Amino acid sequence: MHRHELTEMIRQGPVRIRMNNGDVWDIPSPEFGIVGDVHAHILHRDDDGVLRGRILSLVAMCSAELLGSVEQ
């Protein structure tokens with residue numbers, strides 16, 4: 001995944017990211033993700049509702065897709 005592509009997708013959000021190990025991560029809005037040169041830093045809610053940070057390697061991402069735009 002290229003940094004600029006993922007940054008633009010997160011800006012448009014929400015985004016679903018699929019990792020090469022099978023993990024799936026959703027970024028509901030731009031406040032929940034930021035993309036660096038080699039990693040994406042995201043916030044997500046655990047099953048018990050706790051907000052946690054996660055670092056995802058860009059080279060380990062299989063795909064990213066827009067789930068739909070939020071009307072503003």
Side-chain angles (χ1 to χ4, degrees):
M1 174 65 49
H2 293 288
R3 176 181 187 251
H4 302 297
E5 292 174 334
L6 185 57
T7 299
E8 181 61 23
M9 290 178 88
I10 290 173
R11 187 185 69 74
Q12 295 174 22
V15 176
R16 175 165 290 151
I17 296 174
R18 296 183 191 281
M19 304 299 289
N20 62 7
N21 67 355
D23 288 346
V24 177
W25 302 98
D26 289 342
I27 304 172
S29 66
E31 300 85 29
F32 285 74
I34 188 167
V35 183
D37 289 337
V38 295
H39 297 96
H41 301 260
I42 68 166
L43 293 173
H44 73 96
R45 292 213 182 267
D46 279 347
D47 293 338
D48 54 355
V50 177
L51 194 61
R52 301 209 187 266
R54 191 64 87 162
I55 299 173
L56 307 177
S57 174
L58 296 180
V59 298
M61 292 181 186
C62 293
S63 66
E65 63 179 308
L66 283 172
L67 298 176
S69 297
V70 177
E71 294 292 325
Q72 293 186 2

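It should be emphasised that the depicted structure is a prediction, and the values quoted were computed from it without experimental measurement.
Considering CG of Leu56 and CE of Met1, their distance stands at 11.5 Å, rounded to 0.5 Å. Between the CD1 atom of Ile42 and the CD1 atom of Ile34 there is a distance of 13.0 Å, given to the nearest 0.5 Å. Here the CD1-CG distance, from Ile17 to Leu6, works out to 5.0 Å after rounding to the nearest 0.5 Å. Interatomic distance, Leu66 CG to Arg11 CZ, rounded to the nearest 0.5 Å: 10.0 Å. Rounding to the nearest 0.5 Å gives a distance of 12.0 Å between CD of Gln12 and CG of Leu67. Atom CE in Met61 sits 13.0 Å away from atom CZ in Arg18 (nearest 0.5 Å).
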Checking side-chain contact (heavy atoms from CB on, under 4.5 Å) for the pair Asp37/Arg3: CA distance, chi angles, key distance, verdict? CA-CA 6 Å; Asp37 289 337; Arg3 176 181 187 251; 3.6 Å; yes
side-chain contact (heavy atoms from CB on, under 4.5 Å), that's the test. Do Ile10 and Glu8 meet it? Break it down for me. CA-CA 5 Å; Ile10 290 173; Glu8 181 61 23; over 6 Å; no
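If you chain together hydrophobic residues whose side chains sit under 4.5 Å apart, Ile27 and Ile55 never meet in one group. Both Leu51 and Val15 belong to a single network of hydrophobic side chains, linked directly or stepwise wherever heavy atoms of I, L, V, M, F, W or Y lie under 4.5 Å apart.
Counted within 6.0 Å of CG on Asp48, heavy atoms from surrounding residues, nucleotides or ligands total more than 12; the atom is thus considered enclosed.
When all heavy atoms of Pro28 and Pro14 are compared, the pair lying nearest together is O-CB, 3.4 Å.
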